[in-house]
Amino acid sequence: MRSYRAPKGMQDWTPDEQRYYRWIDETARAQVARYGFLPLTTPIVELTELFARGVGTGTDIVEKEMYSFETRGNEQLTIRPEFTAGMMRAYVEHGMHNLPQPVKLYAIGPLLRYERPGMGRYRQHTQLSVEAVGEDDPALDAELMTVAAEIFEALGIGQLRFLLNSIGCPACRPHYVNSVLVPWLEAQREHLGETDQMRLEKNPLRVLDTKDAKVRALLVDVPLLADYLCDDCRDHFDALRGYLDRLGRPYVVDPLLVRGFDYYTKTVFEVQSDALDTANNTLCGGGRYDGLIELLGGQPTPAIGFGLGFERARLVLEELEIVPPPLPETQLFALWFDDATKKRAFDTVAALRQAGFRAELAYARGKRSFKSQMRAADKSPAQFVLIFGERELAERAINVKEMSSGAQQRVPLDELTEWLRARL
RNA sequence: GCGGCUGUAGUUCAGUGGCAGAACGCUUGGUUGUGGCCCAAGAGGUCGUGGGUUCGAAACCCACCAGUCGCCCCA
């Protein structure tokens, strides 16, 4: 029989790896809570139409990366490829515009995208998504970028690059794209590679994001959106930079930074790490999406959010040799000699667990040498080994051995709990 | 989806046409009740999968699958 593997681009989180994800999860929750963000859990699937409309029919995600299916009831559903559309659907559905604004929400969970997997890119991956809805104050933009930074700092990850840009709004971007950028790019058309020519047709802004070195060189002269922003977008961007400067938070304005979702307006940002020398070095990406909620049938409502990838954060932690705090591990390990002492060990371990200790028993179907049991105890993380012998059985006591020192002491059973509490 | 590289034990890898290997890890034992070091024994592999070439394939050829690097795109 053939053995099974996890589906392509998907991975198990083994016990050894759990500590990374638990730590990232707990750290993220603690950091966003300091800013008043509250957890929101949405379904892992939504109507396909929600993503088509929200993310944009022209995007790669909607065009070729969604896990979509039809239910027995003929609903067209899609496993979420991102969080924002579903969270905004929930905002509208639950009338959260009636709450004090902004409504600050976060979600953590798996997303699925049918992509070609590689290091740092998986078909199923995990994100923290942080969204603040109902407010267009650039101070909020600054705070959102800051909380992202603080999550990484709390994890001990430094050496990050914060890239920032404004991609304008429906009042100014179309004019720039149609009347300035496209004509300029058309004039350079012969120098563009195949993919950049395609982008020029489909999504001209993305040509700015090219990895083609020749095109990048040309782009030093490209007219920048920054010079064509409307007053509102310019004021917003200037104010955001002012707030970031007040915080002393370093960032780089990258006038060529654009992002893949159709819904972004004004602020876009990315956090990259030099610790990852792959192409997938973006740890965190986000931006403002002031038009999305109206697009999904709600009142016109400004909003901003970002996504932070757990798998990539973990890769950086490993690369930097940052070891997460351990999960709760076994404190006590009980050994025995024969049937009678094993029963006493079994009972005592059960009682110790009831008392709140993490305790394990040496197992064997029948006999097992004491040495073998002691080796098992040595491999366990237990600090103390509880030894149940015939002599101790008679005296209603046990020997407690501290593994780090090898020191051993006889403790009456009645006093065991107290004795251990004083030491663990 | 396109192109390059790589798939041998749980892990890291050796083996380049002639018996499937090493190290580490794992299990058990090393005599009457004590771990780490050491010693011994053992378990664990359809050599990624399927086809082809050959007297003979882990090795050579093809396809597929998976991983990885780059592109596309993204966390």
Side-chain angles (χ1 to χ4, degrees), chain A residues 1-11 14 16 24 55 58-65 81-84 108-130 148 193-196 198-199 202-203 206 209-212 258-261 270-273 276-286 305-316 333 335-338 341 362 364 366-380 382 384-393 398-408:
Chain A
M1 172 156 157
R2 224 180 94 224
S3 62
Y4 292 103
R5 318 182 76 163
K8 180 172 180 161
M10 306 190 184
Q11 47 188 211
T14 64
D16 278 347
I24 296 167
V55 179
T59 60
D60 275 22
I61 287 185
V62 170
E63 263 185 6
K64 47 192 194 193
E65 295 183 1
E82 59 107 51
F83 269 117
T84 307
I108 293 174
L111 305 177
L112 265 73
R113 291 178 199 166
Y114 192 85
E115 309 180 88
R116 175 107 184 224
M119 184 59 82
R121 167 150 74 227
Y122 308 100
R123 288 187 172 175
Q124 177 177 327
H125 75 284
T126 310
Q127 275 191 32
L128 160 72
S129 193
V130 179
E194 198 180 328
T195 43
D196 285 326
M198 238 166 51
R199 288 159 141 181
K202 249 180 60 182
N203 191 349
R206 290 215 64 93
D209 205 24
T210 186
K211 283 181 184 159
D212 185 329
V258 293
R259 293 188 47 78
F261 301 141
E270 271 186 22
V271 183
Q272 300 180 348
S273 167
L276 296 182
D277 54 0
T278 69
N280 305 318
N281 61 348
T282 299
L283 297 178
C284 179
F306 69 82
L308 186 156
F310 277 32
E311 284 80 4
R312 287 189 187 173
R314 182 201 152 175
L315 287 174
V316 174
F333 203 98
L335 312 186
W336 42 268
F337 290 91
D338 57 15
T341 50
K367 288 192 173 187
R368 183 171 176 187
S369 76
F370 191 73
K371 195 183 194 75
S372 170
Q373 294 184 42
M374 189 61 96
R375 280 181 175 142
D378 184 47
K379 278 165 194 153
S380 99
F384 291 102
V385 171
L386 311 180
I387 298 166
F388 292 80
E390 289 165 21
R391 295 196 291 273
E392 291 79 16
L393 190 63
I398 62 167
N399 278 346
V400 181
K401 177 165 179 164
E402 185 181 41
M403 289 304 270
S404 57
S405 64
Q408 191 161 305

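Per chain, numbering begins at 1; letters A, B, ... match sequence-line order. Note that the structure is a prediction, hence the values are computed from the model and not measured.
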| task | With rounding to the nearest 0.5 Å, note down the distance linking CZ in A/Arg259 to CZ in A/Arg206. | result | 8.5 Å
Using the side chain to side chain contact (heavy atoms under 4.5 Å, CB included) criterion, which residues pair with [X]? Sequence neighbours excluded.
{"X": "A/Thr195", "answer": "none"}
{"X": "A/Asn281", "answer": "A/Arg161, A/Gln272, A/Leu276"}
{"X": "A/Lys211", "answer": "A/Ala279"}

Please identify each residue that fulfils side chain to side chain donor-acceptor pair (under 3.5 Å) with [X], with sequence neighbours left out.
{"X": "A/Thr282", "value": "A/Glu270"}
{"X": "A/Ser404", "value": "none"}
{"X": "A/Arg123", "value": "none"}
{"X": "A/Glu65", "value": "none"}

| remark: Comparing nearest nucleotides in RNA chain B, the 5'-proximal residue of the pair A/Pro7, A/Phe310 is A/Pro7
| RNA chain B: 5'-proximal contact among A/Gln373 and A/Ala407 (nearest heavy atom) | A/Gln373
| task | Do nucleotides 1-10 of chain B as a string where each nucleotide becomes B, S or -: B if the base has a protein heavy atom under 4.0 Å, S if just the sugar-phosphate does, - if no protein is that close. | result | BBB-------
With a non-hydrogen cut-off below 4.0 angstrom, is [X] in contact with a base, only sugar-phosphate, or nothing?
{"X": "A/Tyr122", "value": "base"}
{"X": "A/Leu283", "value": "sugar-phosphate"}
{"X": "A/Gly9", "value": "sugar-phosphate"}
{"X": "A/Met119", "value": "sugar-phosphate"}

Distance check, [atom1] atoms only: [N] and [M], in whole angstrom units.
{"N": "B/U16", "M": "B/U11", "atom1": "P", "answer": "23 Å"}
{"N": "B/C5", "M": "B/G44", "atom1": "P", "answer": "37 Å"}
{"N": "B/U68", "M": "B/U28", "atom1": "P", "answer": "35 Å"}
{"N": "B/G1", "M": "B/U8", "atom1": "C1'", "answer": "31 Å"}
{"N": "B/G7", "M": "B/A59", "atom1": "C1'", "answer": "13 Å"}
{"N": "B/G21", "M": "B/G42", "atom1": "P", "answer": "14 Å"}
{"N": "B/G18", "M": "B/A57", "atom1": "C1'", "answer": "10 Å"}
{"N": "B/A43", "M": "B/U6", "atom1": "P", "answer": "34 Å"}

Under 4.0 Å between a side-chain N/O of [X] and OP1 or OP2 of [N], yes or no?
{"X": "A/Ser372", "N": "B/U27", "value": "no"}
{"X": "A/Lys379", "N": "B/G25", "value": "no"}
{"X": "A/Ser369", "N": "B/G29", "value": "yes"}
{"X": "A/Thr282", "N": "B/A75", "value": "no"}

| message | Let's go through A/Lys401 and A/Leu335 carefully: what are the C-alpha distance in whole Å and the side-chain angles of both, what is the deciding distance for side chain to side chain contact (heavy atoms under 4.5 Å, CB included) to 0.1 Å, and is it a yes or a no? | response | CA-CA 11 Å; A/Lys401 177 165 179 164; A/Leu335 312 186; over 6 Å; no
Could you identify the nucleotide paired to [N], looking across every strand shown and requiring Watson-Crick or G-U wobble geometry with both distances under 3.5 Å?
{"N": "B/U54", "value": "none"}
{"N": "B/G36", "value": "none"}
{"N": "B/C71", "value": "B/G1"}
{"N": "B/A22", "value": "B/U12"}
{"N": "B/A59", "value": "none"}
{"N": "B/A66", "value": "B/U6"}
{"N": "B/A41", "value": "B/U27"}

Distance, rounded to the nearest Å, where [X] contributes [atom1] and [N] contributes [atom2]:
{"X": "A/Leu276", "N": "B/A75", "atom1": "CG", "atom2": "P", "result": "15 Å"}
{"X": "A/Met10", "N": "B/C65", "atom1": "CE", "atom2": "C1'", "result": "15 Å"}
{"X": "A/Leu386", "N": "B/G35", "atom1": "CG", "atom2": "P", "result": "17 Å"}
{"X": "A/Asp212", "N": "B/C71", "atom1": "CG", "atom2": "P", "result": "11 Å"}
{"X": "A/Arg199", "N": "B/C71", "atom1": "CZ", "atom2": "P", "result": "11 Å"}
{"X": "A/Asp378", "N": "B/G36", "atom1": "CG", "atom2": "C1'", "result": "5 Å"}

Given [options], identify the nucleotide with an atom nearest to the side chain of [X].
{"X": "A/Glu65", "options": "B/A75, B/C73, B/G35", "value": "B/C73"}
{"X": "A/Arg206", "options": "B/U68, B/C73, B/G67", "value": "B/C73"}
{"X": "A/Gln127", "options": "B/C72, B/A75, B/G36", "value": "B/A75"}

| field | Under 3.5 Å: donor-acceptor pair, side chain of A/Glu311, backbone of A/Thr126 | value | yes
| request: Applying side-chain contact (heavy atoms from CB on, under 4.5 Å) between A/Tyr122 and each of A/Gln11, A/Met10, A/Lys8, report the one that passes. | output: A/Gln11
Nucleotide N/O of nucleotides 31-34 of chain B paired with protein N/O under 3.5 Å:
unit_1 : atom_1 : unit_2   : atom_2 : d
B/G33  : N7     : A/Arg391 : NH1    : 3.1
B/G33  : O6     : A/Arg391 : N      : 3.1
B/G33  : O6     : A/Arg391 : NE     : 3.3
B/G33  : O6     : A/Glu392 : OE1    : 3.3
B/G33  : N1     : A/Glu392 : OE1    : 2.9
B/G33  : N1     : A/Glu392 : OE2    : 3.2
B/G33  : N2     : A/Asn399 : ND2    : 3.4
B/U34  : O2     : A/Lys401 : NZ     : 2.9
B/U34  : O2     : A/Gln408 : OE1    : 3.2
B/U34  : N3     : A/Gln408 : OE1    : 2.8
B/U34  : N3     : A/Gln408 : NE2    : 3.1
B/U34  : O4     : A/Gln408 : NE2    : 2.5

| Can you list the steps and then say if A/Ile387 with A/Phe337 is a side chain to side chain contact (heavy atoms under 4.5 Å, CB included)? | CA-CA 9 Å; A/Ile387 298 166; A/Phe337 290 91; 4.0 Å; yes
| query | For B/U16, does the glycosidic angle fall within 90° of 0 (syn) or outside that (anti)? | reply | syn
| query | How far apart are the C-alpha atoms of A/Glu82 and A/Arg113, what are their side-chain angles, what is the distance that settles it, and do they pass the side chain to side chain contact (heavy atoms under 4.5 Å, CB included) test? | reply | CA-CA 9 Å; A/Glu82 59 107 51; A/Arg113 291 178 199 166; 4.0 Å; yes
